[in-house]
Amino acid sequence: MFLAEANALLQPNGQPAISAEYDIDTDTVRPLDVTSDTFCSAGSWLGNGTLVHTGGDSGDPKFAPGQQTLRFFDPQVGDWVERIGLMLSKRWYPTMLPLVNGKVIIMGGSTGGVGLNNAGANNPTYNIWPPSNNDTPDPDVQFPFLTDTLPNNLYVFLHVVPNSQNKNLLFMLSNQQGILYDLDTATTVTTYPKIAVQRTYPQTGSSLMLPLYPENNYKAEVMICGGQALYEITATSEASCGRLDLTNPTPAWEMDNFGGIPRVMPDSVILANGQVVFLNGAQTGYAGFHKGTKANILWVSNNPAYNPVLYDPASKVYATMNPSTIARMYHSVATLTPDGFVFVAGSNPQASVMTNILFPTEYRMEIFRPPYILTNTPRPTILSINGTAINQYRIPVTYGDNLILVVSMPTADTPSFTASIIHLGFVTHSQNMGQRFVGLTVNSASYDSTTANRYILSITLPPNPTIITPGPHYIFVLNNNVPCVRAAEVLLN
Ligand SMILES: [Cu+2]
């Protein structure tokens, strides 16, 4: 039995809050109302902008069982709506992903907390929400790939692959096996060569779809970093990434040294300029709780990887960044923020709150400032999109739209504008489910002679939902690769 969490922050009913809304601008936190156990669950955004969250654990008497619970968070409603026990099967450590049709897929997991998964606990199925006809879940779809890839088949890596037929074409990797799966016809299209070394839980690596650009017809490459060869406490973590070009007729993993730092449980964040920062994690061991107590504690991951590395997908070059002083291992997170920074939090390698210990339950948050923030390059300000002031709420936009953006600059220097649209996804256990970066075509940028340092930009959104799925996204405008002070929130459909 795991205690969901004995946080100091309480819900209105006096229970520890296991969900909260944090306002970066005001540094304030608001507890949210969750009554079911979310421990080791998953989430994803529907095309209508609602966050769907499912799975978890059970056994904590303060919370209802979470493994079959579906939870919905609509930012305009402001709190969770829970459907306890709605789903047909139990899922702990499932993966979720937004789909081309605005729905979400919920894949795999085990029926309860395990270290390595096993056939008895395995849930080798997936389910799609919302269901086809009504409010009742469709039957789970049997998926033998999740049996074939036991035991390292939890938090499977999933990405939508761009295509011109509007298909739900999924890249997935479980254990060491990658495949291309056509969800619409339930067929495996391609079986890729195995990647060297275990990459999925508990030898956890991280996976991302590299930035997609219209200039090369959204050429799709996945990159899978870190992990651990051995399910072994003292083993050095994996210092390699594999990069796979999915458009290559004879695809092969191109391996590198991951910037020279071995890392299990890395977090991977695509920045507003398309560079990637890898951070957090450990240089030895694997994902999981410590063993033993007090003087006999044995940490299953150790030697925290304090230095982020910055990776440029175009040049394939890594740069080592200044270290944090905070160990962030099992149960850490990192995400891009709308102002172009990286928000970093978490670490809790124990079954409940423990603070007076070498690797404590970590309540401190950090902001990582990418190099682009530290330059003197003027940062644009997006004032409006199609005449609507930004960040009142999500501005509705559609595929293939030409958008008119009014952008102001702080100085009279001649700017060089580019733009991107980013889905931030849902982050847990080193997986950023649905994270996506797509470069946008800037058709024109004309000086607005009526107002000093103001420009009118025309930009074109991607042509179809396989490039970036429907849902809530951020549009960034950059000047010489330095992002705007605040991205514009849109709802793409
Ligand atoms: Cu966990």
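Side chains included, hydrogens not; waters and symmetry mates left out as well; all remaining heavy atoms used. Start at 1 and go down the list; that is how both ligands and their atoms are numbered.
With sequence neighbours left out, the ring pair (Phe, Tyr, Trp, His ring centres under 6.0 Å) criterion links F258 to F278. Partners of W253 under the ring pair (Phe, Tyr, Trp, His ring centres under 6.0 Å) rule, at least two apart in sequence or in another chain, do not exist in this structure.
Nearest N/O/S atom of H331 relative to the Cu ion (ligand 1): this is NE2. For H429, the N, O or S atom with the smallest separation from the Cu ion (ligand 1) is NE2.
The distance from the Cu ion (ligand 1) to the nearest N/O/S atom of T428 is not under 2.8 Å.
Between D135 and R83, at least one side-chain N (NZ, or NE/NH1/NH2) sits under 4.0 Å from a carboxylate O, which counts as a salt bridge. In summary, K167 and D182 engage in a salt bridge, as defined by a charged side-chain N under 4.0 Å from a carboxylate O.
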